[in-house]
Amino acid sequence: MSSKVLEIKNLLMQFGGLKAVNDVSLDIHESQITALIGPNGAGKTTFFNCLTGVYTPTSGDINIIPPGKKLIRANGLKPNKITEIGLARTFQNIRLFQNMTVLENVMIGRHAVTNAGVLGAIFNGKKTKEEEKKIIHDSHEILKVMNLEKFANEFASNLPYGAQRLLEIARALATDPFLLLLDEPAAGMNPQETIELIGTIEKLKHEFNLSILLIEHDMHLVMNLSDMCYVMDYGRLIAKGTPEETANNPTVIKAYLGEDF
Amino acid sequence: MDVGYFFKLLLSGLTRGSIYALIALGYTMVYGIIKLINFAHGELYMIGAFTGLIVASVLNYAGVDPVLTLVIATIFAIIFSSAFGVTIEKIAYKPLRNTQRLSALISAIGVSMFLQNFVLLFQTSDFLSFPNLIPEFKFLAPVENYLSSPQILIYICTAIFLIGFTVLVKFTKIGKAMRATAQDSKMSLLLGININKVISVTFLTGSAAAAIGGVLISSQVGQINFYIGFIVGIKAFVAAVLGGIGSIGGAVLGAFVLGLVESFGTGYISSDYEDLFAFLFLILILTFKPSGLLGKSLKQKV
Amino acid sequence: MLKIDNINTFYGHIHALKGISLEVKQGEIISLIGANGAGKSTTLLSISGLEKPRSGSITFNGEDLTRMTPDSIVSLGISQAPEGRRIFPSLTVLENLELGAFLRNDKKQIKKDIEFMYSLFPILGDRRHQLGGTLSGGEQQMLTISRALMMEPKLLLLDEPSLGLAPLIVKQIFEIIQKVNKEHNITVFLVEQNANQALKISDRGYVLQNGVITLSDTGENLLKNDDVRKAYLGV
Amino acid sequence: MNRLEILKKSLINAILGILLTFPITVIKVNTIEKEITWRWYMLALVGSVIFVISYLWIRQQERQKAGITFKFKESKLGIKYHSLMDKPGVTKRVLIFSTILIIALPFITSPYTTSIFTTALIYIILGLGLNIVVGLGGLLNLGYAAFFGVGAYTFAILNQNFGIGFWLALPLGGLASALFGAIVGLPVLRLKGDYLAIVTLGFGEMTRIVTENFGALTNGPSGIANIPKPTLFGHTFGYFGSTRFVYLIAVALVVLIIFIVWRMENSRIGRSWVAMREDDIACEAMGVDLTKAKMTLFIISASIAGIAGVLFAAKTTFINPQSFTVWESIMILCIVVLGGKGSVRGVILGGLILILLPEYLRAFQQYRMLIFGFLLIVMMVFRPGGIIQNVRKIYKIEGDLSNE
């Protein structure tokens with residue numbers, strides 16, 4: 001088995017009396033797609049928010065191991081630091097920069113891997129100019145990969161819904177991640193769009209050598225994509241295994257899928 | 001330590017707090033429902049005080065009984081303040097309900113300037129003295145060094161208003177509609193709630209509270225001018241934020257805390273810095289509790 | 001019962017609905033399916049009076065809705081459970097339900113109806129004094145639907161009741177929709193992304209594409225239709 | 001609504017308005033003489049004013065509802081303007097002409113006019129500075145006048161104690177203000193939205209109160225006088241000369257600051273500010289350090305106010321705390337929002353209107369602030385986005401970049 005890129009140990013996230021994430025441990029391996037499924041309110045998104053620094057977990061460990069680098073303990077790091085380390089995320093309820101163009105949205109993603117400052121901006125020297133050029137160039141490349149090139153100059157708010165979801169992913173890719181966290185990437189997509197999305201995610205995995213963790217309700221997508229599947233309910237992990245194993249697990253069926261799935 | 005002095009400050013802090021509470025209530029309600037910092041709310045207090053003064057003077061010079069005068073003046077103050085509040089909303093805020101909040105804020109600033117200068121122009125820029133209408137309560141004689149009749153009246157009126165208001169918001173239908181509108185106005189529409197009516201009632205109640213505060217404090221202090229609303233308005237706003245803006249209990253708590261802080265600050269430290277304590281305390285609290293004393297954490301759902 | 005005749009609705013400069021006509025008859029379950037951004041929600045909001053069409057008419061039992069305010073439309077017996085659940089997070093479950101009956105004055109019957117909702121969704125009964133915001137997504141969706149039912153509607157408009165819900169909950173919700181339709185004679189107009197489930201329980205369906213209705217047929221036939229199968233059922 | 005209906009409604013509004021304003025307008029109390037004056041003529045006056053305003057107001061609302069909005073581009077004047085401007089070389093000529101006009105202004109008008117225009121320019125600088133925070137970053141600062149004050153007092157105090165002149169004070173004032181901005185920013189920038197607004201307002205007021213009471217350094221409420229006017233390589237000007245000179249310095253500073261703001265807007269940093277305004281959570285997830293970004297915004301905006309403060313002190317030669325009150329902060333905010341937040345042209349227009357209008361409304365004397373407040377409401381109701389809506393430079397892909 002390939003090496004680990006993320007290692008979660010006994011993660012606990014408590015809000016008042018509510019244990020939204022309760023003693024969750026899981027590993028994510030390099031170049032694998034891991035799915036996290038579970039009923040609404042099971043704590044999946046909260047778990048995501050702990051990983052990406054939006055929340056600081058109550059206890060437990062979040063260890064990030066960038067390929068070929070040393071382990072970093074990520075508890076309590078700010079979201080931008082986590083992004084710099086190489087974890088990028090999308091949001092369940094789309095959070096694009098609505099009044100910026102598609103290209104500009106992706107350009108923001110390049111923020112962490114570039115460094116022109118205030119003085120650079122004012123004097124706009126050769127280095128700054130070249131960096132700007134490179135940002136535009138790289139962003140454009142990413143748009144091509146995501147097949148969003150034709151929308152490049154449109155405002156994000158004017159994009160069709162499916163394309164907005166893709167732009168979320170494009171923007172995350174722009175930060176040069178090794179681990180991509182997708183929060184319900186297919187939510188609100190019709191089956192046709194979902195099928196296309198499966199292809200796109202596959203392609204990204206190979207082209208950028210990405211590891212992917214995704215939260216999803218669409219079992220079709222989960223079954224088709226993931227190498228490993230974890231199931232959460234009431235903040236706890238209740239099952240893990242290959243997608244087939246999970247789909248046939250009686251506990252999972254009872255809590256989540258329903259009899260006739 | 002001088003215990004007497006301490007009590008004097010405590011009681012005067014509660015008086016300030018009561019007045020701030022009456023005004024902060026309006027701020028917080030309006031904010032809760034239309035998410036607008038009604039910069040002109042302090043002006044409604046001033047309008048209330050002026051209407052009260054005018055009516056009271058007319059009656060007083062005509063020789064009407066002081067207590068009756070005070071009651072009638074307060075009623076007129078409430079009516080006119082509320083009418084102004086509702087009118088302002090219709091003219092200056094309603095058209096801006098679906099635009100950026102900053103535009104509505106500027107509109108509110110415009111209203112504030114307009115009302116100040118309206119009163120300045122049609123009345124005077126000088127201080128006017130408020131007729132002395134509050135009777136001396138005999139039972140206060142043993143403690144008259146610490147507690148005056150107007151103070152007692154302020155406490156009682158504030159308490160009555162706050163209780164009535166709580167009942168209104170908690171148990172009546174319109175109160176429930178107000179809370180619903182504050183949380184999700186679009187959804188409230190879909191449930192058949194007439195939100196224009198809800199907003200009008202909100203402005204009406206808030207302005208009425210401010211008017212009561214205006215008349216009470218004016219009869220205690222004894223004089224008013226067109227500018228009294230502005231600084232008190234800002235203080236009440238501070239109180240509302242201190243408690244957690246949008247939270248009614250928070251506004252009341254914030255108001256009393258602020259009143260006490262100011263009273264003790266001026267009494268024990270220095271009266272030169274009277275207005276400084278409010279802000280200093282606000283900054284201290286918000287640094288440790290960014291959403292105010294009783295405010296819900298602003299953490300958005302991600 | 002409800003008749004939409006050639007309405008055009010604009011969002012700023014965007015022409016969201018381009019001359020839509022459709023009809024809902026007493027006692028039916030009708031679904032409107034289509035991709036995101038096709039104009040499904042706009043159609044529902046236009047019926048409820050939150051979006052005013054620039055032209056065309058919407059009539060309900062002969063009354064023109066386009067000139068009415070949202071609250072008077074509700075008082076005719078049209079209630080809507082909008083997309084994204086929108087329960088009142090800082091009100092209790094009970095208060096949420098009471099607000100559903102805002103326009104009603106029959107206190108006794110309201111109490112009975114609340115008990116009925118608890119029997120439909122027992123979990124809501126267990127949580128009656130809990131704040132709406134503390135419910136899980138599925139519970140919130142149940143609350144939204146029961147709150148809409150509290151109005152004693154003649155016509156129930158449901159916007160994406162299955163969005164973002166676990167498969168098990170989706171099944172439950174659709175069962176309840178059928179139940180209130182059959183047993184309580186409530187006409188249902190359903191907007192859904194989940195075309196498969198929606199069409200299965202519908203008498204008729206409409207397909208909306210970019211603000212235009214492109215297909216209309218019985219639910220059964222639409223399920224068999226090749227274009228629909230390809231675009232919305234993923235076959 | 002037809003004309004008759006509008007007239008009817010206006011009549012009703014006039015009657016309601018009379019009732020509403022009755023105690024304040026009709027009854028005048030003299031509490032010293034204990035006399036009441038009943039001014040019944042006010043009924044007619046107030047009624048007719050409200051009637052006219054109501055008529056115009058409703059008519060305009062009806063027009064807007066029907067989709068008739070004033071678009072300069074489509075108006076007669078606008079069409080003429082654009083056809084003229086589209087001719088080759090015209091833009092350049094207009095630019096040269098207006099540059100000459102701007103520079104020549106103090107030499108062809110009275111010192112009084114020059115002085116008013118200098119004030120307007122100072123407020124334009126302030127507007128530009130505040131616009132970075134409010135317009136670009138979406139952070140509401142209601143205590144901006146404090147930064148302005150810090151700049152002015154830095155110059156005044158340094159001059160009194162160490163004899164430092166304008167040119168050295170200019171950067172020092174900016175620096176002091178930036179430092180002050182950093183100190184204020186530390187506790188403040190964790191807060192969001194309206195909480196941020198009230199705390200900045202608090203800081204503004206605290207600064208003023210401390211200035212008023214810290215007499216040893218600031219000379220308290222009476223302020224500091226005899227601040228020297230700027231010199232040119234040691235050459236001092238007479239009264240007229242220095243008025244003109246200050247004006248020209250102000251013009252130069254406005255140009256410089258517009259240039260700096262423009263460069264920043266169109267940079268990696270500026271982009272991250274706009275993203276922060278759009279969605280701070282997503283922005284942070286893109287790797288932008290929000291604390292750092294906000295701090296940078298705050299400090300830059302503060303230093304611009306500081307520079308404006310030094311200029312202001314040099315222009316008036318006398319400062320006191322009354323020039324840096326909440327109202328001053330509000331004025332600057334009005335410039336930004338009225339002009340069109342986020343837009344440099346808007347801020348310039350807003351600054352000119354807000355400073356020049358009250359000056360020239362002096363003809364109406366005591367009515368001017370009343371009218372001014374009313375105009376603010378009218379502007380926001382009928383054009384809430386400000387006079388000039390933001391036109392941001394948008395990055396576009398032109399041609400095929402992939403082969404480079």
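Protein chains get the first letters and strands the later ones, always in sequence-line order, with residue 1 at the start of each.
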Inset, instruction - Against chain B, work out which of P89(C), G100(C), S48(C) has the most heavy-atom pairs shorter than 4.5 Å and name it. - result: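 Of the options given, most contacts go to P89(C).
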Inset, instruction - With a 4.5 Å cut-off on heavy-atom pairs, point out which of V74(C), I73(C), N96(C) contacts chain B the most. - result: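 The residue among V74(C), I73(C), N96(C) with the greatest pair count is V74(C).
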Legend entry - N-O pairing of E98(C) and K173(B) below 4.0 Å: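 K173(B) and E98(C): not salt-bridged.
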Can you see which heavy atom on [X] is nearest to which on [Y], and at what distance?
| X | Y | value |
| --- | --- | --- |
| L191(B) | F102(C) | O-CB, 4.0 Å |
| L103(C) | G192(B) | CD2-O, 3.5 Å |
| F88(C) | A180(B) | CE2-O, 3.3 Å |

Within the structure provided, determine whether [X] and [Y] are in side-chain contact (heavy-atom separation under 4.5 Å).
| X | Y | value |
| --- | --- | --- |
| Q183(B) | I87(C) | no |
| P82(C) | M187(B) | yes |
| D71(C) | I195(B) | no |

Side chain, backbone, both or neither: which part of [X] has a non-hydrogen atom closer than 4.5 Å to chain B?
| X | answer |
| --- | --- |
| I78(C) | neither |
| Q80(C) | both |
| L50(C) | side chain |

Mark yes when over 12 heavy atoms from residues, nucleotides or ligands other than [X] sit less than 6.0 Å from its [atom1]; otherwise mark no.
| X | atom1 | answer |
| --- | --- | --- |
| K35(B) | NZ | yes |
| K170(B) | NZ | no |
| N98(B) | CG | no |
| K90(B) | NZ | yes |
| F165(B) | CZ | yes |
| K197(B) | NZ | no |

Inset, instruction - Give, as side chain, backbone, both or neither, the part of A177(B) having an atom under 4.5 angstrom from any heavy atom of chain C. - result: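 A177(B) touches chain C through backbone and side-chain heavy atoms alike.
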Legend entry - From CG (L44(C)) to CG (L190(B)), nearest 0.5 Å: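 Output value for this atom pair is 9.5 Å.
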Legend entry - Distance (rounded to the nearest 0.5 Å) between L91(C) CG and D184(B) CG: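 Atom-to-atom, L91(C):CG and D184(B):CG are 10.5 Å apart.
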